[in-house]
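Here's the structure, in structure tokens; my notes come after.
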Amino acid sequence: MARRRRLPRSFYARDPLEVAPDLLGTLLVHDGRVVRIVEVEAYCGADDPGSHAYRGPTPRTEVMFGPAGHLYVYFTYGMHWCANVVCGGVGEAGAVLLRAGAPVAGLDAIRAARPKARRDRDLTSGPARLCQALGIDGTYDGADLVKADRGVSLASDGTALTTEPATSTRIGLSQGADLPWRWYLPGHPDVSGRPR
DNA sequence: CCGCCGATCTTT
DNA sequence: AAGATCGGCGGG
């Protein structure tokens, strides 16, 4: 087991198109539960019609316009939470959506948090499943991943990827649907969804 | 495995 | 009225 090293602020303070692929293989940690990130999507603020921040700041999206390295957690479809990592400079509203992971530790707690999952592959494959599995909800909006002020952080354990990342268009969008801003580790059982 | 549909509520 | 989703159901 290699030592886990929390990602520094400088990791996040770059263009989301650079940060997103670099997040593959990193560890999302909360409350004894750890998953290895295997699927992400980049969202590029005012330059991206698919971003919640495309039309400028609102109460919902204000965290995205703040400093990098914080969580942007939003509520969708009346019942689900999804988590993004804020990237780039202040005011740019870059973000990377965490779409899927592979459980690394705390499997019992993850299973307990996902009672609807029939198979293990359904535990953390999907942005809302991932949040439910790790116990991340709206109270974590704005949480600092570098300071881990609410117990959530991202770390690297130095493990090299065994699969080359692949790209595709993003899942579930009608605006910006043609942009190839999704990265994933192909063949991984936890990778979710399909582009349209 | 795949496709369809309903749930449920915030945002526009 | 649509949405950065999920889970249950039916069919192949």
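Being a predicted model, the structure only gives us computed values, none of them experimental. Convention: sequence-line order gives letters A, B, ...; per-chain numbering from 1.
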R121(A) and S125(A) side chains, donor-acceptor separation under 3.5 Å
no
Quick one: do D31(A) and R33(A) make a salt bridge, cutoff under 4.0 Å?
yes
Looking at K116(A) and D122(A), is there a salt bridge between them, counting it only when a charged N and a carboxylate O are closer than 4.0 Å?
no
Check this for me: does any side-chain nitrogen of one of D144(A) and R150(A) sit under 4.0 Å from a carboxylate oxygen of the other?
no
Shared ILVMFWY cluster between M64(A) and V90(A), side chains joined below 4.5 angstrom?
no
Nearest-neighbour nucleotide for the F75(A) side chain, dA4(C), dC1(B), dC9(B) considered
dC9(B)
Salt bridge (charged side-chain N to carboxylate O under 4.0 Å, His left out) filter on D48(A), not counting sequence neighbours, yields R170(A)
What residues form a salt bridge (charged side-chain N to carboxylate O under 4.0 Å, His left out) with D47(A), not counting sequence neighbours?
none
Give a yes/no answer on whether the side chain of T76(A) brings an N or O atom under 4.0 Å of OP1 or OP2 in dT10(B).
no
Rounded to the nearest angstrom, tell me the gap between atom CE in M64(A) and atom P in dT11(B).
12 Å
Please, what dot-bracket string fits DNA chain C when only Watson-Crick and G-U pairs with both distances under 3.5 Å count, crossing ones use [ ] and pairs to another strand use |?
|||.|||||||.
When rounded to the nearest 0.5 Å, the distance separating CG of L23(A) from CD1 of I37(A) is 7.5 Å
Rounded to the nearest angstrom, tell me the gap between atom CZ in R170(A) and atom P in dG3(C).
14 Å
Please write out each protein N/O paired with an N/O of nucleotides 5-7 of chain B under 3.5 Å, distance rounded to 0.1 Å.
none

R182(A) charged N/C atom sitting above Y184(A) aromatic ring, 6.0 Å / 45°
yes
L123(A) atom CG is separated from dC6(C) atom P, nearest whole Å, by 13 Å
To the nearest angstrom, how far is L97(A) atom CG from dG3(C) atom C1'?
14 Å
Protein-nucleotide distance (R55(A), atom CZ; dG3(C), atom P), rounded to Å:
12 Å
If you check the A128(A) side chain, which of dT5(C), dC1(B), dA4(C) turns out closest?
dT5(C)
Centroid under 5.5 Å and tilt under 30°, Y74(A) to dA4(C)
no
Using a 4.0 Å heavy-atom cut-off across all strands, classify R60(A) as base, sugar-phosphate, or nothing.
sugar-phosphate
Pull out every protein N or O sitting under 3.5 Å from an N or O of nucleotides 7-10 of chain C, one pair per line with the distance.
| unit_1 | atom_1 | unit_2 | atom_2 | d |
| --- | --- | --- | --- | --- |
| dG7(C) | OP1 | R114(A) | NH1 | 2.7 |
| dG7(C) | OP1 | R114(A) | NH2 | 3.0 |
| dG7(C) | OP2 | R114(A) | NH2 | 3.4 |
| dG7(C) | OP2 | R129(A) | NE | 2.7 |
| dG7(C) | OP2 | R129(A) | NH2 | 3.0 |

Rounded off to whole Å, could you give me the CG-to-P distance for the N84(A) and dT5(C) pair?
11 Å
Check ion pair R14(A)-D22(A) (N to O, under 4.0 angstrom)
yes
Provide, to the nearest angstrom, the distance between the CD1 atom belonging to I171(A) and the P atom belonging to dC6(C).
10 Å
Quick one: hydrophobic cluster around V104(A), which other residues, with the 4.5 Å side-chain cut-off, linked directly or via members?
L27(A), V29(A), V34(A)
Exactly one of F75(A), Y72(A), Y74(A), Y140(A) should register a ring-ring contact (aromatic ring centres under 6.0 Å, His included) with W81(A). Which one does?
F75(A)
Could you check how far OH of Y54(A) sits from C1' of dT11(B), rounded to whole Å?
18 Å
